[in-house]
Amino acid sequence: MAPKMKTRGTTRTLKSSNDEETKTNVHSEDSPLEVGKAVRGKRKASGSGKTGKQESSKAEKSPERPQYCHWLMKSEPESRLENGIDVKFGIEDLKTLPNQTGCWDGVRNYQARNFMRDMKEGQHAFFYHSNCKEPGIAGIMKIVKESYVDHTQFDKKDVHYDASSKADNPKWSMVDVQFERMLKRFIPLSELKKIHLQHKAKGGSLNGMALFTRARLSVQPLTSEEFEFVLSLEDNDPL
DNA sequence: GCCAACGTTGGC
DNA sequence: GCCAACGTTGGC
């Protein structure tokens with residue numbers, strides 16, 4: 001999800017200074033390369049930004065995560081009720097916010113959250129429309145505030161309220177994103193999938209794209225090569 | 001609306 | 001720590 005929105009699921013969270021999860025489980029935080037699983041979650045962005053704080057800190061526990069500098073974030077552009085609340089948040093909704101900026105709250109999946117924690121100010125992310133008539137990449141946004149605590153985890157009225165998260169050790173984080181531009185044309189999932197299959201067979205940039213290898217992850221990294229390749233599609237005719 | 005894929009929970 | 005049951009994501 002994206003900004004203010006809620007999306008279905010995912011969760012993201014932030015953390016900051018605190019802890020990271022110490023748990024051992026699998027889920028968690030960590031892993032540098034993340035292996036696998038996916039996440040869900042989407043998010044939403046809500047309005048602005050000023051609020052947050054940043055977190056930072058703690059150590060990052062897992063030392064070496066590969067560093068990515070391009071991202072893809074999913075959100076649902078069509079109305080859907082979750083606990084009676086509409087989680088719709090498409091790119092047009094982001095444009096509408098003050099300064100065209102919102103916080104990507106609601107991510108409730110550790111892997112997705114960890115990727116948000118890796119995001120740096122100034123990096124770019126694709127705004128992906130999910131769970132809708134025409135899934136695909138609609139536009140580009142910029143990370144304008146690095147990860148800080150997602151306040152919605154403490155809000156009982158919020159769809160993504162998390163009773164297990166304590167104020168002194170918040171589980172979930174979010175970032176602020178600002179609309180940058182629409183793609184010159186919408187790049188549908190179906191087209192990306194065809195290319196991915198070709199590249200998988202014969203080699204090519206989209207060979208291992210997370211959108212297909214980790215389909216349920218709502219916040220995912222792209223290599224620079226993947227990002228540039230997708231961007232190049234804007235100038236081509238639809239497949 | 002279906003359902004495959006996969007993350008999470010919780011008993012043991 | 002294993003793993004079955006359950007819940008969620010999200011394409012179709």
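Chain identifiers are assigned alphabetically (A, B, ...) following the order of the sequence lines, protein sequences preceding nucleic acid strands; residue numbering begins at 1 within each chain. Everything numeric here is computed off the predicted structure, so don't read it as measured data.
As rounded to whole Å, 14 Å separates atom C1' of dC6(B) from atom CD of Q220(A). As rounded to whole Å, 10 Å separates atom P of dT8(B) from atom CZ of R113(A). As a whole-Å value, the separation of H160(A) NE2 from dT8(B) P is 15 Å. In this structure, NZ of K194(A) is placed 11 Å from P of dC12(C), rounded to the nearest angstrom. Between the P atom of dT9(C) and the NE2 atom of H129(A) lies a distance of 18 Å, rounded to the nearest Å. Whole-Å rounding puts the N109(A) CG to dT8(C) P distance at 13 Å. The nearest whole Å value for the distance from the CG atom in L217(A) to the P atom in dA5(B) is 17 Å. For the pair Y110(A) OH and dC6(B) P, the computed distance is 20 Å after rounding to whole Å.
Here L222(A) sits in one hydrophobic cluster together with L72(A), F126(A), Y128(A), I137(A), I140(A), L183(A), I187(A), L189(A), L192(A), I195(A), L206(A), M209(A), L211(A), F212(A), F227(A), F229(A), V230(A), L231(A), L233(A), L239(A); the rule is ILVMFWY side chains under 4.5 Å apart, joined directly or through other members.
Among the protein residues, Y128(A) comes within range of the sugar-phosphate backbone only, with heavy atoms under 4.0 Å from sugar or phosphate atoms but none that close to a base. K133(A) comes within 4.0 angstrom of nothing in the nucleic acid, heavy atoms only.
The minimum heavy-atom distance between M119(A) and Q123(A), with the atom names listed, is CA-OE1, 3.6 Å.
Residues forming a side-chain hydrogen bond (donor to acceptor under 3.5 Å, both in side chains) with D237(A) (at least two apart in sequence, or on another chain): none.
No donor-acceptor distance shorter than 3.5 angstrom exists from the side chain of D176(A) to the backbone of V144(A), with no hydrogens or angles considered.
Taking the side chain of S130(A) as heavy atoms from C-beta on, and the options dC12(C), dG10(C), dT8(B), the nearest nucleotide is dG10(C).
Residue K74(A) places at least one side-chain N or O under 4.0 Å from the OP1 or OP2 atom of dG10(C).
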